[in-house]
Amino acid sequence: MEQGFDSEPIDRSKILNIKPLRSLAPVFPSPPGMSLASNPQASFPFVCVPPTGPFPPGLAPIYPFLVSTDSKSAAQQSSDFGNAIPSPAPLNAFRTPDTANGSTVRAMRGGRSQAEDGFSDDDYSDSMDQSGQFVTGRFKMHTTYTDNATNSGRQKGKTKRQRRNERAESSDFDEEGLVNSFLISFNLLQLDTFKKDTGDKDLVDRILLVYSLLRRRLSQYEDISGSSKRPDLKAGNLLMSKDIRTNKSKKIGHVPGVEVGDIFLFRMELCLVGLHAQSMGGIDYMTVKLSSDNDPVAVSIVSAGGYDDDGNDGDVLIYTGQGGVQRQDGLMFDQKLERGNLALEKSRHRGNEVRVIRGLKDVQGSKGKIYIYDGLYKIEDTWAEKNKSGCNIFKYKLLRLPGQPEAFTLWKSIQQWKDGVTSRVGVILPDLTSGSERLPVSLVNDIDDVKGPDYFTYITTPKYIRAYLLSTPSLSCICRGGCQPGDVSCPCIEKNDGYLPYSSLGVLLSYPALVHECGKTCACPSNCRNRMTQAGLKVRLEVFKTTNRGWGLRSWDPIRSGGFICEYAGEVMDASKVDKFASEFEDDYIFDATRIYQPLEGPQGNRSQSPKVPYPLMIDARREGNVARFMNHSCSPNVYWQPVLRESDNEAYLHIAFFAIKHIPPMQELTFDYGIIPPEKADRRRKQCMCGSSRCRGFFY
DNA sequence: GTCGTTTCACAAAT
DNA sequence: CATTTGTGAAACGA
């Protein structure tokens, strides 16, 4: 356990006023080949709209719930929209690019002919007629499954697998259309042959992002449809078959675009970026022509715990050869000196570098593994020995080449900090939240003498003076065991377009315009899958002093793509003052949702350019706030913010939640894009960006 | 609830 | 085209 929080009282008098450097930027980075010039439609990628209107066509506020508490005209306006606009097109409802007979994701779901166009009031009236309450749907569910669920709310009568089989036949969800729309979004549709062979960081990032979005969306669909498709393999297969990959030709040594310390959550990811081409096998090798005969040479290995490798010493790895196990019946026999084993043997004599990927058990409870690229090793020794069953196995001793960045050893250090075996250097405060968060957040400075950021009060959620009022009462769910995917009677799932927005691991599965979480009046428990951002911090964070950007935020734990990080807490500013405030005051420590942000999904440049949140939400974290106030700007961010709505009766609370865009290794700074502000307001507040990314816009606000 | 174990359905390279 | 290589999630059992 961590130390108590009060062990080291902070000396306020010594605290300097360090503000995070908000960053910079604007020229939103267009992917190569998709420059604005090449796309006439996109010549004005951003439109500036005053939060209260007037709105140009296509930029109207689309959420009927936003009835302003102090502006009559706004109230009028939004309720009008509530009736006039039947269905805010959900960002995640991808329409297939016109080929696949126009079917959409939503249209593929069986049994919902009525509600295809959104959720007008009528959508629920059906169920209300039958029982006077909106619980009829649940009743239907019970009869359908003849389930004997008692208090858990889970359908215990049948296993998920059984339900799968029952519904298996229906439904191919339009994978092709989904893939294509992602490929268009991230400009991967035509990948030139050079790039397929030689990657770069940007390309690797884009491929992994598409893989991740695809995988998560497939699993979201699988959640309710039934079929068990191994979304990880399926997504990999879809990209592989389209040849969306890089570093395709095997090479010895580092792979362009992949850095030592990068992490991966699926074996398929290693294949896609060319780090390790075997989707299952632990040893990847190629044959090189050497004078007369062909010699196999090992290029990379994965040490994943399938064999008893010994990797306890950070720079040495004792690796076991492959084979020798009959997978079906567990029988063992001698390993043979062929394939991968032979390649490793040859590589020792050649003395070539071998990439090493270490697979660890995922610390955060999930059953999966995390793969860490630990850089280049050389094989120092090889031998054969007998295992417990008396069969011959091959062993290879690998030594890590010196001078490479810390990777696997960093993980070991962090584990020691957590276990209290060693202490993190430069810790000023073990927990700057004083215990108000579920996990401590360290304050660390191993750079200079500054003793901490300016004083502020730590709070964990935004402070609303007044909730937004809804024109019609929100339906609360009665899912006592937590909302379950595929439960057609759950109004909370309905609000999310029929899908639960989060996976069972707490990963955001898509990036819709708005996530609807369960609210105060929902009957589901606090651990409901649809209350992910209400459950507090999931990773061990630290606020640290950067060399040139004030304070920053990073995590001791790895964060998987889509994983929840934190929300933005502070004082929610009164709507009537926001516009004035935005133009007149310093905005350090203020989150401003009224800026223009690049959507993460969807074609970049030619899709709707509406701001993420059509309401002028600003959160002031100067006096009171949480860890999020320390997150710096980057033009190549690894974190994305997502509006999350929690409704109860006639009230709605909008929250800003941060999710990882990619897998984030431990100790890598967490950053998001601060967005851009209208040019007429911009000049004065422009600040120089220090994000150091290759796509840096040079400034931020 | 939590742990380890078993089962199932898959993909790429050779 | 058959073989070789485990993986990742859910179900199951203790």
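Below, chains carry the letters A, B, ... as their sequence lines are ordered, and counting in each starts from 1.
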Which atom pairs link the protein and nucleotides 2-6 of chain B when you take only N or O atoms and keep those under 3.5 Å?
unit_1, atom_1, unit_2, atom_2, d
dG4(B), N7, Lys367(A), NZ, 3.4

Hey, what are the protein-to-nucleotides 11-14 of chain B N/O distances that come in under 3.5 Å?
unit_1, atom_1, unit_2, atom_2, d
dA11(B), N3, Ser279(A), OG, 3.2
dA12(B), OP2, Asn237(A), ND2, 3.4
dA12(B), O4', Ser279(A), OG, 3.2
dA13(B), OP1, Arg245(A), NH2, 3.1
dT14(B), OP1, Lys250(A), NZ, 2.7

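Considering only residues two or more places apart in sequence or on other chains, Ser526(A) meets the side chain to side chain contact (heavy atoms under 4.5 Å, CB included) condition with none of them. Listed by chain and residue number, Glu176(A) satisfy the salt bridge (charged side-chain N to carboxylate O under 4.0 Å, His left out) test with Lys242(A) (two or more places apart in sequence, or in another chain). Contacts of Lys248(A) classified as side-chain hydrogen bond (donor to acceptor under 3.5 Å, both in side chains), with partners at least two apart in sequence or in another chain: Asp243(A).
Sorted by first and then second residue, the pairs that involve residues 258-275 of chain A and meet side-chain hydrogen bond (donor to acceptor under 3.5 Å, both in side chains), not counting sequence neighbours, are Glu269(A)-His663(A).
A ring-centre distance under 6.0 Å is not found for Tyr396(A) and Tyr319(A). Taking the six-membered ring where the residue is Trp, the centroids of Tyr373(A) and Phe264(A) are separated by 6.0 Å or more.
Arg358(A) and Asp374(A) are joined by a salt bridge, as a carboxylate oxygen and a charged side-chain nitrogen come within less than 4.0 angstrom of each other. With respect to the salt-bridge test (charged N to carboxylate O, under 4.0 angstrom), the residues Glu380(A) and Lys397(A) qualify.
Taking every side-chain heavy atom of Asp232(A) into account, dG8(C) is the closest of dG8(C), dA10(C), dT7(C).
Under 4.0 angstrom from either OP1 or OP2 of dA9(B) there lies no side-chain N or O belonging to Arg230(A).
When rounded to the nearest whole Å, the span between CZ of Arg529(A) and C1' of dA9(C) equals 12 Å. Atom CZ in Arg215(A) sits roughly 15 Å away from atom C1' in dC10(B) (whole-Å rounding). To the nearest angstrom, P of dT5(C) lies 9 Å from CD of Gln335(A). Nucleotide dT7(C) holds its P atom 16 Å from the CZ atom of Phe264(A), rounded to whole Å. Note: CZ (Phe333(A)) to C1' (dT4(C)) measures 10 Å, nearest angstrom. With rounding to whole Å, Phe266(A) atom CZ is found 7 Å from dG8(C) atom C1'. For the pair Ile283(A) CD1 and dT5(C) C1', the interatomic distance rounds to 10 Å; values are reported in whole Å. Distance, Ile301(A) CD1 to dT5(C) P: 16 Å, rounded to whole Å.
A donor atom on one side chain and an acceptor atom on the other are found under 3.5 Å apart for Asp284(A) and Gln278(A).
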